[in-house]
Amino acid sequence: MLDIKQIRENSEFVRDRLDRRGGDYDLSPILELDKQQRELQTTRSQLQARSNEIGKAIGQKMRRGGNPKTEEIKNLKEEGNQVKAQLAELEPQEKELIVKINELLLQLPNLPADTSPLGQNETENVEIRRWGDEYLRGGEEEKILPHWEIGEKLGILDFKRAVKIAQSRFVNLIGKGAALERALINFMLDKQTEAGYVEVMPPVLINTQSLTGTGQLPKFAEESFHCVEDDLWLTPTAEVPLTNLYRDEVIDAAELPIYHCAYTPCFRREAGSYGKDTRGLIRLHQFNKVEMVKLVSPDTSMEELEAMLKNATAILEALKLPYRIIELCTGDLGFSAAKCYDIEVWLPSAGKYREISSCSNCWDFQGRRANIRFKEKGKKGTNYVHTLNGSGLAIGRTMSAILENYQQADGTVKIPEVLQSYLQFTVIEK
RNA sequence: GGAGAGGUGGCCGAGUGGUUGAAGGCGCAGCACUGGAAAUGCUGUUUAGCUGUAAGGUUAACGAGGGUUCGAAUCCCUCCCUCUCCGCCA
């Protein structure tokens with residue numbers, strides 16, 4: 001969340017940055033409530049101070065063996081009661097204000113970085129670079145079957161029976177399909193571990209506080225599956241458990257940067273995307289993903305983002321899958337992100353690049369929400385860490401890219417070289 | 001799920017109504033001692049809000065939230081978590 005102090009002291013700046021996202025963000029209710037709250041707080045602490053004085057005075061007299069029935073003590077008690085009555089009126093008012101301010105703050109998205117390109121929506125995202133043109137198969141494209149067709153033909157993807165077991169937007173991976181998925185998970189975890197990320201297997205049922213910490217709640221409740229009886233949610237991405245590993249902690253500055261990666265299944269309700277990507281592996285309610293998360297000092301977070309982007313693209317390069325990098329414009333940035341790159345992989349059947357990873361720098365936005373701070377030895381006070389997250393990569397989408405880019409004229413699919421040591425076969429055939 | 005025990009500062013640990021933000025110890029930092037170090041001694045050592053140019057002032061926090069009281073770490077209520085034993089179980 002944003003810093004109330006920054007909103008108070010630099011409201012013009014904050015307003016301008018929020019405007020870059022488009023949409024309507026009104027700071028005046030927050031500013032007004034904040035003013036009221038601080039006024040109340042001043043009065044309240046003065047009363048509290050008086051109350052403490054009274055308590056101490058009585059305590060001293062009693063200790064010296066004073067009689068509680070003397071006029072003096074009676075009078076003090078009487079005043080104490082009056083102060084208490086006043087406090088009883090102010091306290092709930094102030095609490096209510098604090099709750100309201102907090103609710104409003106939690107609704108505000110992060111401020112875009114000044115380097116994020118200006119734009120209204122995804123059409124104004126900026127392509128940074130492309131890789132792997134030599135692996136594009138110009139001219140053959142119309143012969144390449146979409147991944148769901150080749151997958152069903154080869155008997156490795158089963159959507160029909162998944163509907164029977166669960167619903168639409170689920171899949172069964174069968175035989176070599178399941179093995180390939182597993183190989184991809186292992187391959188990516190191995191690569192990211194080599195790159196310095198410490199692997200974690202976190203819970204995938206997570207609590208409300210964790211989802212609030214990373215910004216999925218309160219605004220996007222309809223996007224996650226909720227187990228109402230236990231008030232737990234199915235994680236939509238390992239970003240949530242990984243970032244929340246350190247919630248409410250003060251980390252020694254010497255331990256930064258902290259790198260973690262995790263494989264988890266991810267669950268998304270995909271509310272509002274009816275009719276979009278209804279076929280194939282692109283948009284499922286449950287999918288696998290290897291995620292990277294970094295907690296870093298504010299001084300280095302921008303370089304750390306570039307490095308994370310490389311960790312993600314390294315996977316695609318090893319797999320020889322053509323991709324491009326897009327920088328999201330201010331209007332397309334996710335709620336918690338200040339700066340974000342999407343990596344898109346080439347899907348021949350669609351003749352398009354499709355998102356396969358998203359790498360974001362959230363600045364101190366999640367650090368503040370999740371209360372993750374760091375402390376430098378010898379320095380007073382604490383600071384919020386900067387958090388970054390990126391897919392490294394989405395497994396299902398990688399699978400679809402392989403099924404298409406590695407499809408051969410005879411209807412079989414070759415296994416990319418780097419995966420062959422993870423599998424007992426080098427080609428998927430009927 | 002049943003029975004019991006417990007949650008205090010970076011850590012250990014005292015503290016059952018009165019100058020207790022909290023004894024003592026460990027750790028850490030500074031100083032002294034030393035050729036240098038160890039040992040020893042002294043001093044200091046939480047975080048957050050508001051206020052102030054600053055020094056400072058003030059409030060809050062002993063798992064969380066309520067209550068009793070002039071005054072709560074200490075008494076009462078609710079919830080959460082941890083541990084032990086039993087049951088169940090991958």
Side-chain angles (χ1 to χ4, degrees), chain A residues 1-9 30-105 201 203-213 227-233 241 244-256 258 265 364 367-385:
Chain A
M1 85 187 132
L2 301 181
D3 183 3
I4 182 71
K5 230 188 236 170
Q6 187 189 28
I7 296 178
R8 188 191 298 149
E9 286 162 14
I30 292 185
L31 287 167
E32 179 51 36
L33 293 173
D34 174 57
K35 202 177 139 210
Q36 289 176 25
Q37 188 266 324
R38 277 181 302 145
E39 278 164 13
L40 266 179
Q41 185 182 357
T42 305
T43 329
R44 203 212 66 229
S45 11
Q46 282 163 356
L47 285 169
Q48 202 70 255
R50 180 58 194 148
S51 167
N52 288 347
E53 262 173 36
I54 294 168
K56 261 182 204 171
I58 294 177
Q60 270 171 17
K61 289 183 203 309
M62 303 281 282
R63 267 202 144 187
R64 287 197 214 109
N67 184 337
K69 297 225 167 95
T70 57
E71 256 332 273
E72 205 186 359
I73 289 182
K74 266 190 171 167
N75 285 341
L76 281 172
K77 280 195 182 181
E78 181 47 35
E79 194 192 343
N81 273 325
Q82 283 170 16
V83 170
K84 211 169 80 166
Q86 286 176 276
L87 281 171
E89 227 176 280
L90 296 187
E91 266 172 0
Q93 288 178 33
E94 195 191 346
K95 258 184 205 164
E96 198 185 324
L97 284 173
I98 290 171
V99 168
K100 271 193 200 155
I101 291 168
N102 210 36
E103 274 171 10
L104 290 174
L105 280 176
M201 276 221 181
V204 297
L205 280 177
I206 55 188
N207 59 32
T208 297
Q209 239 185 319
S210 294
L211 279 160
T212 307
C227 308
V228 179
E229 291 227 342
D230 304 285
D231 196 22
L232 289 168
W233 308 69
N244 278 281
L245 268 179
Y246 300 92
R247 194 178 67 233
D248 294 319
E249 291 190 25
V250 179
I251 301 165
D252 183 343
E255 288 181 35
L256 299 178
I258 293 173
D364 59 1
R368 186 170 283 110
R369 285 174 90 100
N371 190 29
I372 308 170
R373 295 171 292 166
F374 69 95
K375 181 170 176 61
E376 280 175 78
K377 254 201 171 139
K379 277 201 184 169
K380 266 246 160 205
T382 56
N383 267 310
Y384 291 106
V385 297

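Just so we're on the same page: letters track the sequence lines, and every chain starts at 1.
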Which nucleotide in B:G49, B:G66, B:U19 has an atom nearest any side-chain atom of A:Q60: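 So the nucleotide nearest the side chain must be B:U19.
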Side chain of A:K84 only, heavy atoms from C-beta on: which candidate in B:G18, B:G66, B:U69 is closest?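 Per side-chain heavy atoms of A:K84, the pick is B:U69.
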OP1 or OP2 of [N] sitting under 4.0 Å from any side-chain N/O of [X]?
X      : N     : result
A:T382 : B:A48 : yes
A:Q48  : B:U58 : no
A:K375 : B:G10 : no
A:N52  : B:U59 : yes

What is the distance, rounded to the nearest whole Å, between atom [atom1] of [X] and atom [atom2] of [N]?
X      : N     : atom1 : atom2 : result
A:Y384 : B:A48 : OH    : P     : 8 Å
A:E94  : B:G49 : CD    : P     : 14 Å
A:I372 : B:U47 : CD1   : P     : 19 Å
A:L97  : B:C50 : CG    : C1'   : 15 Å
A:R373 : B:G10 : CZ    : P     : 10 Å
A:R50  : B:C70 : CZ    : P     : 15 Å
A:N371 : B:G49 : CG    : P     : 11 Å
A:K77  : B:U68 : NZ    : C1'   : 13 Å

Would you check if there is a donor-acceptor pair between the side chains of A:R247 and A:S210 at a distance under 3.5 Å?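 A pair is found: one side chain offers a donor N or O, the other an acceptor, under 3.5 Å apart.
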A:R373 and side-chain contact (heavy atoms from CB on, under 4.5 Å): which single residue from A:T382, A:D364, A:V385 fits?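 Going through A:T382, A:D364, A:V385 one by one, the side-chain contact (heavy atoms from CB on, under 4.5 Å) with A:R373 is satisfied by A:T382 alone.
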For RNA chain B, which residues of residues 35-43 of chain A approach it to below 4.0 angstrom with any heavy atom?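 Here the set is A:R38, A:Q41, A:T42.
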Heavy-atom side-chain proximity of [X] to [Y] below 4.5 angstrom:
X      : Y      : answer
A:Q93  : A:L40  : yes
A:K375 : A:D252 : no
A:Q36  : A:E94  : no
A:R368 : A:L2   : no
A:I4   : A:L105 : yes

Let me check I have this right: for RNA chain B, each base becomes ., (, ), [, ] or |, based on Watson-Crick or G-U pairs with both distances under 3.5 Å. What is the full string? ((((((((.[[[..)..(.....]]]((((((.......))))))((((((....)))))).[[[[[..)....]]]]])))))))....
Salt-bridge contact A:E96-A:K100 (side-chain N to carboxylate O under 4.0 Å):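 Judged by the 4.0 Å cut-off on N to carboxylate O distance, A:E96 and A:K100 do form a salt bridge.
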How would you label the contact of A:I58 with the nucleic acid (heavy atoms, under 4.0 Å): base, sugar-phosphate, or nothing?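 Base contact - A:I58 has a heavy atom under 4.0 Å of at least one base atom.
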Would you indicate what A:R8 reaches in the nucleic acid, counting non-hydrogen atoms under 4.0 angstrom: base, sugar-phosphate, or nothing?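 It contacts sugar-phosphate atoms only.
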Can you sort out the partners of A:Y246 under ring-ring contact (aromatic ring centres under 6.0 Å, His included), two or more places apart, ordered by chain and number?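 Once residues adjacent in sequence are excluded, the partners of A:Y246 under the ring-ring contact (aromatic ring centres under 6.0 Å, His included) criterion are A:H260.
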For A:N81 and for A:S45, locate the closest nucleotide of RNA chain B by heavy-atom distance; then report the residue assigned to the nucleotide nearer the 5' terminus.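 It is A:S45, whose closest nucleotide lies nearer the 5' terminus.
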